[in-house]
Amino acid sequence: MLTQTDAPAHMAHALDAPVERLRARAPERPVWVCSARSDPRHPDPTDTQWAEVARRIVAATGFAPEGDPDACRWIVVRNQARQVHVVTTLAREDGSLHNTC
(Lines give C-alpha, C1' and ligand atoms only; values in the text may rest on other atoms or scores of the structure.)
Protein backbone atom coordinates (compact mmCIF):
# COMPACT_ATOMS: atom_id res chain seq x y z
CA MET A 1 0.00 0.00 0.00
CA LEU A 2 2.79 2.45 0.78
CA THR A 3 4.01 2.31 -2.80
CA GLN A 4 0.85 4.16 -3.79
CA THR A 5 1.28 7.93 -3.82
CA ASP A 6 -1.96 8.55 -1.91
CA ALA A 7 -1.28 5.93 0.80
CA PRO A 8 -0.49 8.36 3.67
CA ALA A 9 -3.65 10.37 2.94
CA HIS A 10 -5.70 7.18 2.76
CA MET A 11 -4.32 5.95 6.10
CA ALA A 12 -4.96 9.33 7.74
CA HIS A 13 -8.55 9.35 6.47
CA ALA A 14 -9.12 5.80 7.72
CA LEU A 15 -7.80 6.73 11.18
CA ASP A 16 -9.75 10.01 11.29
CA ALA A 17 -13.16 8.56 10.42
CA PRO A 18 -14.18 7.50 13.97
CA VAL A 19 -12.88 10.81 15.37
CA GLU A 20 -14.83 12.82 12.81
CA ARG A 21 -18.02 11.00 13.81
CA LEU A 22 -17.58 12.36 17.35
CA ARG A 23 -17.85 15.95 16.07
CA ALA A 24 -17.87 18.32 19.09
CA ARG A 25 -16.98 15.46 21.49
CA ALA A 26 -13.71 14.78 19.65
CA PRO A 27 -10.64 15.30 21.82
CA GLU A 28 -8.23 18.09 20.95
CA ARG A 29 -5.46 15.53 20.48
CA PRO A 30 -7.25 12.53 18.96
CA VAL A 31 -4.32 10.13 18.53
CA TRP A 32 -1.88 8.25 20.72
CA VAL A 33 1.60 7.37 19.46
CA CYS A 34 4.00 4.80 20.85
CA SER A 35 7.49 4.21 19.50
CA ALA A 36 9.12 0.82 19.93
CA ARG A 37 12.74 -0.08 19.26
CA SER A 38 14.48 -3.41 19.06
CA ASP A 39 17.65 -4.41 20.83
CA PRO A 40 20.64 -3.70 18.54
CA ARG A 41 22.36 -6.83 19.90
CA HIS A 42 19.74 -9.00 18.17
CA PRO A 43 18.71 -9.31 14.52
CA ASP A 44 16.26 -6.69 13.28
CA PRO A 45 12.71 -8.06 13.63
CA THR A 46 10.84 -8.94 10.47
CA ASP A 47 7.69 -7.10 9.43
CA THR A 48 5.65 -10.03 10.74
CA GLN A 49 7.40 -9.86 14.12
CA TRP A 50 6.88 -6.10 14.33
CA ALA A 51 3.20 -6.58 13.50
CA GLU A 52 2.90 -8.95 16.46
CA VAL A 53 4.67 -6.44 18.72
CA ALA A 54 2.21 -3.75 17.60
CA ARG A 55 -0.79 -6.04 18.21
CA ARG A 56 0.48 -6.74 21.71
CA ILE A 57 0.96 -3.01 22.40
CA VAL A 58 -2.57 -2.02 21.35
CA ALA A 59 -4.04 -4.97 23.24
CA ALA A 60 -2.06 -4.28 26.42
CA THR A 61 -2.99 -0.59 26.40
CA GLY A 62 -6.66 -1.41 25.84
CA PHE A 63 -6.90 0.45 22.53
CA ALA A 64 -7.58 -2.72 20.57
CA PRO A 65 -8.00 -5.82 22.71
CA GLU A 66 -8.13 -9.01 20.67
CA GLY A 67 -11.68 -9.78 19.58
CA ASP A 68 -13.09 -6.31 20.37
CA PRO A 69 -15.14 -5.27 17.30
CA ASP A 70 -15.47 -1.70 18.63
CA ALA A 71 -11.77 -1.16 19.30
CA CYS A 72 -9.88 1.94 18.30
CA ARG A 73 -8.38 2.02 14.82
CA TRP A 74 -4.61 1.82 14.65
CA ILE A 75 -1.68 1.47 12.28
CA VAL A 76 1.98 0.64 12.71
CA VAL A 77 4.60 2.48 10.68
CA ARG A 78 8.09 1.15 10.15
CA ASN A 79 10.08 4.02 8.72
CA GLN A 80 13.56 2.89 9.69
CA ALA A 81 15.45 -0.15 10.86
CA ARG A 82 14.87 -1.33 14.43
CA GLN A 83 11.96 1.01 15.11
CA VAL A 84 8.21 1.25 14.61
CA HIS A 85 5.56 3.77 15.57
CA VAL A 86 2.11 2.59 16.64
CA VAL A 87 -0.56 5.24 16.01
CA THR A 88 -4.08 4.77 17.33
CA THR A 89 -7.10 7.00 17.59
CA LEU A 90 -8.76 7.71 20.91
CA ALA A 91 -12.18 7.22 19.30
CA ARG A 92 -13.66 3.75 19.42
CA GLU A 93 -15.86 2.34 16.66
CA ASP A 94 -18.89 2.37 18.99
CA GLY A 95 -18.67 6.16 19.33
CA SER A 96 -17.11 6.23 22.77
CA LEU A 97 -13.65 7.48 23.72
CA HIS A 98 -10.83 5.30 24.97
CA ASN A 99 -10.09 5.97 28.61
CA THR A 100 -6.44 7.08 28.65
CA CYS A 101 -6.27 7.51 32.44
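Not measured: the values here are computed from a predicted model.
The cluster map of Ile, Leu, Val, Met, Phe, Trp and Tyr, joined by side-chain heavy atoms under 4.5 Å apart, puts Val77 and Val31 in the same cluster.
Residues satisfying the side chain to side chain contact (heavy atoms under 4.5 Å, CB included) criterion with Arg25, sequence neighbours excluded, are Leu22. Evaluation of the side-chain hydrogen bond (donor to acceptor under 3.5 Å, both in side chains) rule for Gln80 yields Gln83 as partners, not counting sequence neighbours. Scored by the side chain to side chain contact (heavy atoms under 4.5 Å, CB included) test, Thr46 finds Thr48, Gln49 as partners (sequence neighbours excluded).
Nearest heavy atoms, Ala91 versus Thr89: O-OG1, 3.0 Å. Considering all non-hydrogen atoms of both residues, Ala54 and Val86 come closest at CB-CG2, 4.0 Å. Heavy-atom minimum distance, Pro27 versus Leu97: CD-CD2, 3.7 Å.
Evaluation of the salt bridge (charged side-chain N to carboxylate O under 4.0 Å, His left out) test over residues 80-90, restricted to residues two or more places apart or in two chains, returns none. Pairs engaging residues 88-99 under the salt bridge (charged side-chain N to carboxylate O under 4.0 Å, His left out) rule: Arg21-Glu93, Asp68-Arg92, Arg73-Glu93, Arg92-Asp94 [sequence neighbours left out]. Evaluation of the salt bridge (charged side-chain N to carboxylate O under 4.0 Å, His left out) test over residues 36-55, restricted to residues two or more places apart or in two chains, returns Asp39-Arg41, Asp44-Arg78, Asp47-Arg78, Glu52-Arg55.
Within the 4.5 Å cutoff, side-chain heavy atoms of Trp32 are placed close to those of Thr61.
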Self-check item: Asn79 vs His85, side chain to side chain contact (heavy atoms under 4.5 Å, CB included): CA-CA, chis, key distance, verdict
Solution: CA-CA 8 Å; Asn79 62 347; His85 304 282; 3.6 Å; yes
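Remark: Thr88 OG1 to Ile57 CD1 distance equals 11.5 Å, nearest 0.5 Å.
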